[in-house]
Amino acid sequence: MKSHHHVALSLLTLCISQQLYAQTNANSVQSASGVQATAAATSNASSSDVPSVTLDAITVSANAKTGTALAQKISEMPAVTQVIYEADIQAQATGNRTVGDVLAQLVPSLGVSSGSVSNYGTTMHGRPVQYLLNGVPLTGSRSLSRELNSIDPEQIERVEVLSGATSIYGAGAAGGLINIVTKSTAGYGFTGQTRLGINSSREFKSDSLGYHVGHSFGYGGERVYGNVDIDYEATGGKFDSHGDRISPDANQTDNQDTDTISVNANLGFDISDTKTMNLAATYYDSEQDTDYGVDYGDNLSVLLKGTTPSLRAIDGADIENQPYNTKSSVNLNYNDSDFLGSNLSLTGYYRDEKARFYPSGKSFTSQAKDVWVNNGLTDADTLGKLLGASVVVTQSEANIEVMGLRAAMQTETDVMGKNTLFSYGADFEREESEQTYYGQDLTTFLASNGLTSTSNGLSYNGGPKTTIDKWGAFVNADVDMTDKWHTSAGVRYQNIKSDTDRFVPIYEQLLADYFATNGISDIADAYGIDYEAGAVEAGSSKHDKVLFNLGSSYQLTDDDQVFANFSQGFTTADVQRALRDVRAGFVVNSDNIQPISINNYELGWTGKRGDTSAKVSGFYNDSDKTVRFTNDYTVEVVDTDERIYGAEASLTHDLNQDWQFGGSLAYTRGQYKKDGDWLELDAVRLTPLKGTAYAQYNFSEGSNIRLQALVVGGSDKAYKDQQNDPDASAQPLTGYATFDVLGQVKLPVGRMGYGVYNILNKDYQTVYHQTTFGDLNRLPASGTTYGLSYTVDY
């Protein structure tokens, strides 16, 4: 039963984020600081769903606002860059679309949306992505993979994308950067916007209906400016192409039957002509309240016997503690554009993230069997009966807190007659994370065949409480070698230190409870088993690395530009998650928790011929280590070489003032070494072959209609290759194609947006649901869905 969403909107610390304000100037090559920069910016928002190519310079206003102390603007980097603007985001967001859905269509090299609340496995160039919100990191060492499901797309002004590793932003940016910039006040006086929306499945079933209500209001004055966006969304159930309700996602949860509120607020003032202070905050809270549960089969046969699940949603679920996902962030920025002849930017930020997952069964049969066998019990029939009790039902909750400080200076100078911009600074971030599994009453769960879940008062460690400190210092130089040749080079020192508390691993706790259970304890006593849960003592690891980047771009003609880039990435394993399943006595130190360094190479071309714009690039990256789970429930970083390579291309063409066409293609492939052989990496690590295409017609009065396609290629090569690796879990991937129709209608007052997604009612599974977890995760994607919205500006 859905309940009303009760959220007390407390006044979070008012905030503002500096937002990059850029405008194209065909006649000038001077930025606000006087530094020349040729950048990939867009002059037509309707074509930014693929990397736009405009070879004019970018002019930044003297009091431009940006999210944090950025070492270098994404749009000025000699690499694969893309800026997606508000108009394209809003066109894709009609209905209950997430940021992940939108970016999957608009960013060529980014993995497709999972169809759940998770963006796990959504990589670029085969590596993890560093997500930023107004320049402040959303992705940490411990990630709940909710970055693309923690802000309403209606509140986004633009998205800046940098593909490939970069040393400028330190740890975590091995695959690239995606900076989500929220709306801020523009212009003078009071402004406002009201948003209404509704969505439904193909059958228009009542429990599939959802709606959206949002409002923005702001004020722009000569010295003071501010903006507040508030959006509320109620989401119904999801239905597959056959009209059947889709089962809940028991692994990562989903957004069926959820009530969500999202708030983006900012406030700023100009202290003087050169000094500004900005304060910004976001708040996101999504809570589920559903009557539907997972079909575990007769007598829980799916969990207890491994039978194939039906994947049906079963009515009658009663979950005491429903899943939720909350995230709040605050950042304060001070900027002085004339500090000792330089631009000084100081930023402090705080982020808090909490999530509760769906209750699910967990088996520890192999661990219990090892204990029985090691103590002399080998009879298969007896073991089979005893091991039937080695199951538990738990519900996971996680909490992550992050605080950080960043400082950057930018100094324009002349070096040997070359116009040069030096960017330099330092940053520090502390991340604290913990995760707990709460036991559920097994008797109640069994009696209801998995539909009723209530707490039994027990709790288990989901890994140790972990504190990670990251600090770094960097310097980067942008040099205009000539009026056509731009070079960028930099170096960064990165230090990462992790500290873990003493904890009892979950399997140790489960085994201790199991051998003390009535009916088990007597037999355990007969075999001399008095199992006591062992602990993992507190530990720490510390690593540092010097990272380099070197890139260059050259304007061959007025309409052609080539670029090349080398950059290093640096990342570590998710320490808390990696230690979750270790056994007692595991030692936490720098030898067991090692970092991974990535070398990334890119080469590309952008060009424009009349009304046609295109971009082509190729990439290669490698590392000499990888994270893997071993058979004895430990995690280690081993010397297994990896190589990943691929290419991406995009094209847009304006046939005339009415018709536009475009598309993109991204190909990624990679291997890792196993016993001297190169084995294919699977689709959890690599974005499969992905293509997009669209045709759009623009009406003279400002309306438009678009037909778009998303195509994903299938492959079973990794699955076949990894049969030679007993630790691998690759699954075959079946390709699919979906088609959407969407558009905008300009009305006398306001505008209407519409979207029909998966118009052919394709029966398919997303890449995430084909390749991750087990059979319970093989959920179908949504069939045809409809969305309708109305927006009016004041």
[X] with [Y]: basic N within carboxylate O range, under 4.0 Å:
| X | Y | result |
| --- | --- | --- |
| Asp427 | Arg492 | yes |
| Arg351 | Glu429 | no |
| Asp352 | Lys354 | yes |
| Lys183 | Glu157 | no |

**OP:** Answer with yes or no whether the side chains of Ser423 and Gln410 bring together a donor and an acceptor at under 3.5 Å.
**Re:** yes
Original post:
Would you say the side-chain atoms of Asn565 and Asn549 include a donor-acceptor pair closer than 3.5 Å?
Top reply: no
Nearest non-hydrogen partners of [X] and [Y], listed with the distance:
| X | Y | result |
| --- | --- | --- |
| Ala426 | Phe474 | N-CE2, 4.0 Å |
| Ser590 | Ser541 | OG-CA, 3.3 Å |
| Ser145 | Tyr120 | CB-N, 3.6 Å |
| Thr467 | Arg430 | CG2-NE, 3.9 Å |
| Tyr349 | Leu405 | CE2-N, 4.1 Å |
| Leu686 | Gly126 | CD2-CA, 3.6 Å |

Using modelled atom types only, decide if a donor and an acceptor are shared between the side chain of [X] and the backbone of [Y] within a distance under 3.5 Å.
| X | Y | result |
| --- | --- | --- |
| Asp101 | Ala104 | no |
| Gln82 | Leu106 | yes |
| Gln494 | Leu547 | no |
| Thr123 | Arg685 | yes |
| Asn119 | Leu148 | yes |
| Ser623 | Asn599 | no |
| Asp229 | Glu154 | no |
| Tyr284 | Asn149 | yes |
| Asp254 | Asp249 | yes |

Roughly how far, to the nearest 0.5 Å, is [atom2] of [Y] from [atom1] of [X]?
| X | Y | atom1 | atom2 | answer |
| --- | --- | --- | --- | --- |
| Thr687 | Met124 | OG1 | CE | 9.0 Å |
| Glu160 | Ile84 | CD | CD1 | 10.5 Å |
| Asp231 | Ser262 | CG | OG | 6.0 Å |
| Met277 | Leu332 | CE | CG | 5.5 Å |
| Lys497 | Trp471 | NZ | CH2 | 13.5 Å |
| Asp641 | Asp624 | CG | CG | 6.5 Å |

Subject >> Name of the residue among Tyr620, Phe619, Tyr601 meeting ring pair (Phe, Tyr, Trp, His ring centres under 6.0 Å) with Phe566 >> reply: Tyr601
Subject >> Which residues share a salt bridge (Lys or Arg N to Asp or Glu O under 4.0 Å) with Lys542, sequence neighbours left out >> reply: none
Subject >> For Asp501, salt bridge (Lys or Arg N to Asp or Glu O under 4.0 Å) partners two or more places apart >> reply: none
Taking the side chain as every heavy atom from C-beta outward, state whether [X] and [Y] have any pair of such atoms under 4.5 Å apart.
| X | Y | value |
| --- | --- | --- |
| Gln435 | Phe357 | yes |
| Glu648 | His125 | yes |
| Asn264 | Ile151 | no |
| Arg146 | Ser118 | yes |
| Thr500 | Val575 | yes |
| Thr668 | Ser109 | no |
| Thr420 | Thr411 | no |
| Thr347 | Ser345 | yes |

Subject >> Sole residue of Asn134, Asn227, Asp152, Thr282 in side chain to side chain donor-acceptor pair (under 3.5 Å) with Thr182 >> reply: Asn134
Original post:
Run the side chain to side chain contact (heavy atoms under 4.5 Å, CB included) check on Phe503 and Glu434 step by step: do they pass?
Top reply: CA-CA 11 Å; Phe503 76 106; Glu434 59 182 326; over 6 Å; no
**OP:** Over 60° means perpendicular and under 30° means parallel, so classify the ring planes of Tyr768 and Phe773, tilted if in between.
**Re:** perpendicular
Original post:
Tell me the salt bridge (charged side-chain N to carboxylate O under 4.0 Å, His left out) pairs involving residues 330-350, sequence neighbours left out?
Top reply: Lys275-Asp336
Original post:
Which is it for Arg127 and Glu642 under the salt bridge (Lys or Arg N to Asp or Glu O under 4.0 Å) test, yes or no, and what are the steps along the way?
Top reply: CA-CA 11 Å; Arg127 303 288 180 179; Glu642 283 189 350; 3.2 Å; yes
